[in-house]
2 protein chains.
Amino acid sequence: MEVTGHMPNQDAPRSRSASIWDVARVAGVSQQTVSRVINGKARVSEETRVKVLQVIEEMGYRPNKLARALAGGPVRSVTVLTSDTSLYGAAATLRGMEEAARTAGFSVGISVLEPGSGQRDVAERLNRPGEAVMVIAFDAAGVRALGALPPDVPVAAAVERRPDIETKNPWQVWLDDRAAAAHATRYLLSLGHPTVHYLAIPSSTSELPQRTQGWMDALRAAERPVPEPLHGGWSPRSGYLAVRDLVADPSVTAILCGNDDLALGVMRAAREAGRDIPGDLSVVGFDDSPPAAYLNPSLTTVRLDFQGLGRACFNLLHRRLDPHTAPAVPAWSEPELIVRESSGPAPRSTG
Amino acid sequence: MEVTGHMPNQDAPRSRSASIWDVARVAGVSQQTVSRVINGKARVSEETRVKVLQVIEEMGYRPNKLARALAGGPVRSVTVLTSDTSLYGAAATLRGMEEAARTAGFSVGISVLEPGSGQRDVAERLNRPGEAVMVIAFDAAGVRALGALPPDVPVAAAVERRPDIETKNPWQVWLDDRAAAAHATRYLLSLGHPTVHYLAIPSSTSELPQRTQGWMDALRAAERPVPEPLHGGWSPRSGYLAVRDLVADPSVTAILCGNDDLALGVMRAAREAGRDIPGDLSVVGFDDSPPAAYLNPSLTTVRLDFQGLGRACFNLLHRRLDPHTAPAVPAWSEPELIVRESSGPAPRSTG
DNA sequence: AGTATGAATGTGATCGATAACATCTCTCTT
DNA sequence: AAGAGAGATGTTATCGATCACATTCATACT
């Protein structure tokens, strides 16, 4: 059999690993046939198929994913844009995304956003035009990146806020933070606390964050005073600093925190102020991060299914990429209040 | 100017984004010249250079990284192989790697290893032959993956164990767990504890893990009894379960834990057994994970510079890839014992 | 028997870049 | 003034895959 045309140099020293051409040569077929076998697309005779697969096995051939993508093959990679991966929420979401993507045969790239990343910067991170992207947009940097993405990139995002009916973007997933915060607040009120204070995490937008809104919703519905929300960062330290003064005030009996790390800081501040938890002060967190159940006292918190959210986000993207073959987007769990030791009835002396 | 040869169809509808050819056409030069400008390699007249850069700016052209890599351009991507990213050590190391890689202009892929990943499986994850790889090999899955990597891939790894002089592999970084564990053990002995118990994390090899060895070293050097080490997993829960019986024994006054999560479980078990920390029992962790300083009591632990280790690992890889231009590998911090509230003098009644 | 049909397979172009080599135009040397 | 050398730039091959189209051959239908 004569092979001509685009066939590359066969006589050059083979330092690099086997390509589709090498397999074709050994198997005595054309590279196109090898390609067909690999992708299982067009019809290939059983005999040829077996032969080619055998040669592939023998030579340890692996298709070069770069070349495949370049040639317009099916997209098999995603880049995740996220900011701080040390935060539990982002990390767990990322884990869900990675797991789902890997299961579906996608390779995943990760690119961490700096607080100051600009538009240019974001475009720079994509490997090629048309690269599929997922964005973890729980904070300002993520939201900005999502906005800075060129319009033609297929993207799915995990966001803080449920989209308006108006601006409804079908390629987003979210957790119902607002309802969850309201639920946690109602729970505290039901224990007899006159009101609930709120220590917020930084917002992803200029609007009032969902968790803050939910908290206000519940207080207003119960016709309770709405204290000025406090503003923390993401770390235990920032929570500690934010409430050092507040916890000294004995009329403060319940604090809802934007995440578990803040709650950790709050509990330490309370301890230092000599206030017993939950005797004098109830503390409730958000996230149900791994240590929460083992803290002293163990932390009452809202469990958020970040991992499920991440999985769903990938599946959404997958459906966007190939609407016909991709599996349905799985549901993720609703937020759930996990009651532990850090919350209890309001102290008698107050009220 | 006539352009012939490999020039692609110019008249086709432009749905895809600009390529080097489009830039060349608009700027009135050949694509090779554009390539030269982008890579700043060969000499190009200042006039042409400015013109081309201007056109690139106007068209919003971004080079396709896939095509570049395929054509044998400089390698600008790394894949990180890691197992469970929910563990603090692995997550922090990954963060250090990502940060260093991004700073150096590399894009980073991440691939999470399942406990059962086989050799075939690992090869499958690489995007192309010659793909650069980093492995976080703190556990068995990571070590196995490191071993399963084809010999020709440029790899650098963060490992548990300092390599023997014999098998010295220059492309590895590690933390001196052994010395750190010995140091922590000596510290506890110096507080008057008759001996120190050890709750181990799972080992990455069949040998005795470094932390276990360091602990034994110190006990033996001090001529103290060496209790049978306990075996936990990675989670607080596994620590809790592992020591539930042990902590009831009042003669046990000091426990060193393989990581902070285990320590968290141990502290809860101790609380439930009615033992005061640090009054009756001293607990020391390993890692200095973020919550450690805010626990109740705050946790005495060995701070490990995982992030610095990750950075160093990337830099090592970078030097391996281009020995001449890559910056020197930065040092990372030595393990350091951080003394907090969870450890104190041995109780009087004992000893 | 002649032709339509379709399965199996091969050929050449293409994706978007880089590498190697070729060409052209100056300037400097002798 | 001719040739050498160097700078600026163009041309072709190539990386490793896929796609669109062409070709071959056997079977079925009229």
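The structure displayed is predicted, hence computed values, not measured ones. Naming: A, B, ... by sequence-line order, numbering from 1 per chain.
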Query raised in the report: Counting side-chain heavy atoms from C-beta on, which of C/dT11, C/dC15, D/dG10 comes nearest to A/L70?
Result: C/dC15

Requested in this report: State whether the distance check finds a donor on one side and an acceptor on the other, under 3.5 Å, for side chain B/Q32 versus base C/dT18.
Outcome: no

Requested in this report: Using the ring-ring contact (aromatic ring centres under 6.0 Å, His included) rule, pick out the option among B/F106, B/W171, B/W332 that qualifies with B/F314.
Outcome: B/F106

Requested in this report: Output yes when A/R128 and A/E131 qualify as a salt bridge under the 4.0 Å nitrogen-oxygen rule, no when they do not.
Outcome: yes

Query - Any A/S30 side-chain N or O less than 4.0 Å from OP1/OP2 of C/dT9 - result: no

Query raised in the report: Do A/R68 and A/N39 come within less than 4.5 Å of each other through their side chains, counting heavy atoms only?
Result: yes

Report task. Report yes if at least one side-chain N or O of B/T33 is closer than 4.0 Å to OP1 or OP2 of D/dA8; otherwise report no. Result -> no

Query raised in the report: For the pair made of CG in A/N39 and C1' in D/dC19, what is the distance, rounded to whole Å?
Result: 11 Å

**Report entry** First encountered from the 5' end of DNA chain C, between B/N64 and B/R36
**Finding:** B/N64

Requested in this report: State whether B/R49 and B/E46 are salt-bridged, where the test is any N-O pair (Lys NZ or Arg NE/NH1/NH2 against Asp/Glu carboxylate O) under 4.0 Å.
Outcome: yes

Query raised in the report: Within the pair A/T48 and C/dA8, is there a side-chain N or O less than 4.0 Å away from OP1 or OP2?
Result: no

Requested in this report: Taking B/D322 for its side chain and B/T325 for its backbone only, find out whether a donor-acceptor pair lies under 3.5 Å.
Outcome: no

Query - Spacing between A/N127 atom CG and C/dG16 atom P, to the nearest angstrom - result: 15 Å

Query raised in the report: Just to confirm, is there a sub-4.0 Å distance from OP1 or OP2 of D/dT9 to any side-chain nitrogen or oxygen of B/S45?
Result: yes

Requested in this report: For C/dA17, take OP1 and OP2 only and decide whether either is under 4.0 Å from a side-chain N or O of B/S35.
Outcome: no

Report task. In whole angstrom, give the distance that lies between atom CZ of A/R43 and atom C1' of D/dA26. Result -> 15 Å

**Report entry** Of B/E47 and B/A71, the one whose closest DNA chain D nucleotide lies more 5'
**Finding:** B/E47

Query raised in the report: Quick one: B/I56 CD1 to C/dG16 P, roughly how many Å, whole number?
Result: 16 Å

Query - Distance, rounded to the nearest Å, where A/K51 contributes NZ and C/dA8 contributes P - result: 19 Å

Requested in this report: Give the rounded distance in Å between these two atoms: CZ of A/R68 and P of C/dG16.
Outcome: 18 Å

Report task. Figure out the CZ/P separation between A/R128 and D/dA17, and round it to whole Å. Result -> 16 Å

Query raised in the report: How would you label the contact of B/R49 with the nucleic acid (heavy atoms, under 4.0 Å): base, sugar-phosphate, or nothing?
Result: nothing

Query raised in the report: In whole angstroms, how far is the P atom of C/dT18 from the CD1 atom of B/I20?
Result: 5 Å

**Report entry** A/A67 side-chain proximity, nearest of C/dT9, D/dA17, C/dT18
**Finding:** D/dA17

